[in-house]
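Step one of this worksheet: look at the structure below.
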There are 2 protein chains.
Amino acid sequence: MDQLKLANQICFPVYAASRLIIREYQPHLDKIGITYPQYLVLLVLWENDGMAVNDIAHKLILNTNTVTPLLKRMETLGLVSRIRSEEDERKVIVRLTAKGSEMKVEAAHIPFSLMADISPDELKMEELLAMKNKLEEWIEFLKRKG
Amino acid sequence: MDQLKLANQICFPVYAASRLIIREYQPHLDKIGITYPQYLVLLVLWENDGMAVNDIAHKLILNTNTVTPLLKRMETLGLVSRIRSEEDERKVIVRLTAKGSEMKVEAAHIPFSLMADISPDELKMEELLAMKNKLEEWIEFLKRKG
DNA sequence: TATATTTGTATCGTGCACGATATAATGAAA
DNA sequence: TTTCATTATATCGTGCACGATACAAATATA
């Protein structure tokens, strides 16, 4: 094997898998009218409502200049409210609306449907979990050095 | 266990890792003036010059409506030529220009630099290779069903 | 041969994703 | 308290990424 190309060989599969997985999410998310990044924001807020823009960006490892317009679109959809904090007027606090909260019920089936969609018989659950753990280890490293 | 928690999602680490890795490529690619998807197209053409748009898209698991404008930008940069095939006038054959070919020399160091950047001591080479193999197995499954 | 279907590429619109930059609020230092 | 650096968010421009759609060339079918 050509060791020189190891980096390319390891990085392309991550990039390709990411897009393929998001493609699998899409039909499920279409039914409730949101995108994958919007779904991620909802996951974060369902777990801890009322976060600042920066905290959401940090959770999702995204830049704030990606998250700000994303949240504006979600505000237009009626999923969240964006209200400037009174204690610190630099911060904008993002809260779920009733619609945004209630969408959790509609989305409850998605992780289960997804696992059925994306988990091949050849790849056992333990293998996926092992890969998840290795990726998270890797992400922590990349975040520290970035 | 709450399935709707970010930490419990298997797909988010793949999505996040993909972006973090591309961020690591960026400074290296900036030096030669291309983006990560453009670099992938060059990798494909360096290996097999003179491919149709569709074949490049298939190799990169991208839609042609992503690849067409990508190739047009690369044509503007003087990296490739796009010439309609004479045997089959539906096809557009993409070939490296002299500049595109020669860029292989400038890019030769990137896989080395990248491995130094992205490979933490905690994650051994064999573990990265094992993850690569699992991801490729997964990708094959997702491609088949998509 | 005429018609229908498939194939290959391109166009359009929307939504990320991010570097560069701007701006106001906060906090620290002189 | 004035000045300076930092923090939090927003704006702008460029480049993907993809669904929907269009269209011409090639192929299959009647």
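Chain letters run A, B, ... following the sequence lines, proteins first and then strands; every chain starts at 1.
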ask   = So which pairs with a foot in residues 39-87 of chain B pass ring-ring contact (aromatic ring centres under 6.0 Å, His included), sequence neighbours left out?
value = B/Y25-B/Y39
inquiry  = Generate the contact string for nucleotides 10-23 of chain C. Rules: B means base contact, S means sugar-phosphate contact only, - means no protein heavy atom under 4.0 Å.
reply    = SB---SSBBBB---
Contacts of type salt bridge (Lys or Arg N to Asp or Glu O under 4.0 Å), residue A/E47, not counting sequence neighbours = none
request  = Using modelled atom types only, decide if a donor and an acceptor are shared between the side chain of B/K99 and the backbone of B/L77 within a distance under 3.5 Å.
outcome  = yes
Partner residues of A/E102 under the salt bridge (Lys or Arg N to Asp or Glu O under 4.0 Å) criterion, sequence neighbours left out = none
query = Considering only heavy atoms from C-beta outward, does the side chain of B/I56 approach that of B/K59 to under 4.5 Å?
reply = no
query = Taking only residues at least two apart or on different chains, which pairs with a member in residues 67-88 of chain A satisfy side chain to side chain donor-acceptor pair (under 3.5 Å)?
reply = A/E75-A/R82, A/D88-A/R90
ask   = D/dT7 P sits how many Å from A/N54 CG, rounded?
value = 10 Å
ask   = Separation of B/M51 atom CE from C/dG8 atom P, in whole Å?
value = 13 Å
Every protein N/O lying under 3.5 Å from an N/O of nucleotides 25-29 of chain D:
residue	atom	partner	partner atom	Å
D/dA26	OP1	B/E89	N	3.0
D/dA26	O4'	B/R90	NE	3.4

query = Distance-only, no hydrogens or angles: does the B/T97 side chain make a donor-acceptor pair with backbone N or O of B/G78 under 3.5 Å?
reply = yes
inquiry  = Let me confirm one number: the CG-CZ distance from B/L62 to A/R19, rounded to the nearest 0.5 Å.
reply    = 4.0 Å
